[in-house]
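In what follows, residues are counted from 1 in the order of the sequence shown. Heavy-atom basis, side chains included; hydrogens, waters and symmetry copies ignored.
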Amino acid sequence: MNPMSIYSSSSSSSSTAKSWIVHGILAGTAIAVAIGARSYLGRARKLRIRVVGIIPARFASSRFEGKPLVHILGKPMIQRTWERSKLATTLDHIVVATDDEKIAECCRGFGADVIMTSESCRNGTERCNEALEKLEKKYDIVVNIQGDEPLIEPEIIDGVVKALQAAPDAVFSTAVTSLKPEDAFDPNRVKCVVDNRGYAIYFSRGLIPFNKSAKVNPMFPYLLHLGIQSYDSEFLKIYAKLRPTPLQLEEDLEQLKVLENGYKMKVIKVNHEAHGVDTPEDVEKIESLMRKRNLS
């Protein structure tokens, strides 16, 4: 027998064996991933009924220090947000999560439940996760209600909760509204684009989409992101363990870490004139609007 034929046959068998091993490993990995995903989605498809609203609040802010305690027509802003949130029908419980004793004392004074969190929380989502871990009861959905939205409409809170409950493949939901032309290039006004099924594609502090003229297209329906967002409680635990992502760090937007890791985010569009307080100048705008609407 030709020694070369033996070598060739042996080499071919070895190559085939290695090929089968590689395919076996890849197949096993794929199956494991599929089982894990199916297991997670299986849990997500269970009725997500119990809902807690958490208002994260911190005193130290680079743009507006002490913002939660600033008075708006005689009441601390955090109190106005809490009072509006109490009107939502989908929330079983509402708490304020803070690392500041001044904020905690203020909130206890008007009757809010307070969870003290650590100063190491890098954003509101991480603060919500820590607060969730400290709550005695278990919840299926956590709603992150921005403390700087003193005119938040309870219907919007209910809307993001119901959107997440109706989308078992999503782990996150949020709301957008129409963007005003004058806010197009304001980096404090976060923009959003969504797909045809209402899932988020991207968020940015810049104008998106951005056309070749580099000007605002008055005919295009640009979307402004509202701060409120809700999470599947199991995903919130996962989120806290995910490492920061490049787009998240560049834009300084925590929603991008969700998208960069391949998770789905449901977006609802609402008619709401955004009144978030990002700077001291916004306080006067809010008070002026409230006077016009006879809101006390």
Side-chain angles (χ1 to χ4, degrees), residues 53 55-56 63 67 72 77 80-81 83-85 87-91 124-125 141 143-167 170 172-211 215-231 251-256 258-259 264-279 281-290 292-293 295:
I55 306 175
R63 288 180 294 180
K67 182 168 62 172
I72 296 179
M77 181 165 61
R80 291 198 174 277
T81 302
E83 289 176 346
R84 297 288 293 174
S85 302
L87 299 176
T89 61
T90 54
L91 301 182
T125 303
I141 291 176
V143 186
N144 179 345
I145 304 168
Q146 300 295 311
D148 57 7
E149 287 275 352
L151 296 183
I152 184 68
E153 295 173 13
E155 293 82 7
I156 295 179
I157 296 175
D158 292 335
V160 296
V161 170
K162 292 175 182 178
L164 188 57
Q165 289 173 327
F172 191 119
S173 65
T174 190
V176 295
T177 192
S178 297
L179 177 72
K180 297 178 183 178
E182 60 266 30
D183 291 333
F185 298 105
D186 184 348
N188 292 320
R189 299 291 185 251
V190 176
K191 295 78 177 177
C192 175
V193 286
V194 300
D195 67 17
N196 292 333
R197 296 177 59 228
Y199 290 90
I201 297 175
Y202 193 67
F203 295 85
S204 180
R205 295 186 180 277
L207 182 63
I208 50 173
F210 193 75
N211 60 51
K215 296 178 181 178
V216 176
N217 178 359
M219 303 302 293
F220 191 86
Y222 298 101
L223 298 175
L224 172 69
H225 180 230
L226 302 178
I228 186 168
Q229 43 208 27
S230 70
Y231 328 91
E251 296 262 16
D252 190 21
L253 295 173
E254 56 193 279
Q255 309 94 286
L256 293 178
V258 179
L259 298 181
K264 287 192 173 184
M265 184 184 305
K266 191 70 175 177
V267 179
I268 62 168
K269 185 178 179 182
V270 298
N271 292 320
H272 175 72
E273 192 174 353
H275 304 297
V277 176
D278 295 304
T279 66
E281 293 73 27
D282 290 329
V283 174
E284 186 176 340
K285 295 177 184 177
I286 290 283
E287 291 185 329
S288 176
L289 179 67
M290 291 179 68
K292 289 179 182 178
R293 294 185 177 181
L295 298 172

Please name the pair of heavy atoms, one in [X] and one in [Y], separated by the smallest distance, quoted to 0.1 Å.
X	Y	answer
S173	V160	OG-O, 2.7 Å
S230	L164	OG-CD2, 3.6 Å
L151	L295	CD2-CD1, 4.2 Å
N188	R205	CA-NH1, 4.2 Å
S85	I55	OG-CD1, 4.2 Å
I72	P150	CD1-CG, 3.8 Å

Is the shortest heavy-atom distance from the side chain of [X] to the side chain of [Y] under 4.5 Å?
X	Y	result
T174	Q255	no
R189	K180	no
I156	T177	no
V216	Y222	yes

Does K191 qualify as a cation-pi partner of F203, given the criterion of NZ or CZ under 6.0 Å from the six-membered ring centre and within 45 degrees of its axis? no
Any sub-3.5 Å donor-acceptor pair from D158's side-chain atoms to A88's backbone N or O? no
Could you walk me through whether K285 and L289 pass the side-chain contact (heavy atoms from CB on, under 4.5 Å) test, one step at a time? CA-CA 6 Å; K285 295 177 184 177; L289 179 67; over 6 Å; no
[atom2] on [Y] to [atom1] on [X], rounded to 0.5 Å:
X	Y	atom1	atom2	answer
L226	K269	CG	NZ	11.0 Å
E155	L87	CD	CG	8.5 Å
E83	I152	CD	CD1	14.5 Å
E149	R84	CD	CZ	11.0 Å
Y231	M265	OH	CE	9.0 Å
Q165	K266	CD	NZ	14.0 Å

Over 12 non-hydrogen atoms of neighbours within 6.0 angstrom of CD in E182: yes
Does a sphere of radius 6.0 Å around CG in N271 hold more than 12 heavy atoms from other residues, nucleotides or ligands, not counting ones at 6.0 Å or beyond? no
